[in-house]
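Structure, as structure tokens:
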Amino acid sequence: IYTLTKYGAEVVADMLRRPVAEILYPVGGVQYANDFAHRAAYVDCCIAFDAWIAADEARDCLEVRHYFDKTGANRGAGLSRLRAATRLDLPGGGYIIPDGLAYFDTGTKRRAVAVEIHNFPDVGRIVKQLAGYVDHVVTDASSRAFGHDAAGRVLSISTDPAVTVRVMDRMLALPG
């Protein structure tokens with residue numbers, strides 16, 4: 001896996017004719033050694049999403065936010081404090097931090113989705129995490145994050161198809 005450096009950000013900014021401040025890169029160097037497999041799976045998902053968007057000229061990616069991108073300041077307070085760009089505050093209190101948030105146009109409708117990548121075989125842990133997203137789905141938190149008024153969705157992706165089936169079975173058995 002590769003990561004963008006300061007020089008790389010300058011090259012990308014020049015290519016895109018944008019200010020270098022708009023190009024995100026890990027300022028302190030690579031900081032995700034413990035998160036490597038998860039991040040690699042998430043990056044693969046983003047590449048697949050880009051390919052899906054490109055496969056139909058009617059589709060358009062309006063915005064994507066990643067869990068490893070941050071907003072705010074280290075020494076900020078309240079809403080200006082450093083936090084994940086994907087953090088969704090829930091109306092009843094609390095919050096969730098999905099791996100990604102995507103807002104896109106399918107050509108016929110706009111969709112806002114929260115993305116979760118599961119690259120571990122613990123079905124109980126996955127179900128517990130997804131059950132925490134019920135408030136998000138009910139309140140359309142991902143849609144509200146983009147100023148969109150349609151229902152939000154959660155896209156749960158597992159790197160093991162057998163785990164996906166077991167998670168679906170367990171989720172269907174949950175009350176409500």
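Values below: every heavy atom of this structure, side chains too, minus hydrogens, waters and symmetry copies. What you see is a predicted model; the values in this text were computed from it and never measured. Residue numbers run from 1 in the order of the sequence given.
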Which heavy-atom pair separates [X] from [Y] by the least distance, and what is that distance?
{"X": "Leu88", "Y": "Pro98", "result": "CD1-CG, 4.1 Å"}
{"X": "Ile117", "Y": "Asp99", "result": "N-OD2, 2.8 Å"}
{"X": "Ala141", "Y": "Leu90", "result": "CB-CD2, 4.1 Å"}
{"X": "Gly152", "Y": "Ser142", "result": "CA-OG, 3.7 Å"}

For the residue pair Tyr67 and Tyr42, does the interplanar ring angle fall in the parallel (under 30°), tilted (30 to 60°) or perpendicular (over 60°) class?
perpendicular

Ion pair Arg83/Asp89, N-O distance below 4.0 Å
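Salt bridge present between Arg83 and Asp89.
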
Does [atom1] belonging to [X] count more than 12 external heavy atoms closer than 6.0 Å?
{"X": "Glu57", "atom1": "CD", "answer": "no"}
{"X": "Phe120", "atom1": "CZ", "answer": "yes"}
{"X": "Arg59", "atom1": "CZ", "answer": "yes"}

For a 4.5 angstrom cut-off between non-hydrogen side-chain atoms, does Val154 reach Val113?
no

Centres of the Phe68 and His66 rings: under 6.0 Å?
yes

Checking the side chain of Thr106 only, and the main-chain atoms of Lys109 only, is there a donor and an acceptor separated by less than 3.5 Å?
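Answer holds: yes.
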
Run the side chain to side chain contact (heavy atoms under 4.5 Å, CB included) test on Asp60 and Phe104 for me, step by step, so that the C-alpha distance in whole Å, both residues' side-chain angles and the decisive distance to 0.1 Å come before the verdict.
CA-CA 6 Å; Asp60 188 24; Phe104 56 93; over 6 Å; no

Which is it for His118 and Thr159 under the side chain to side chain donor-acceptor pair (under 3.5 Å) test, yes or no, and what are the steps along the way?
CA-CA 6 Å; His118 307 289; Thr159 56; over 6 Å; no

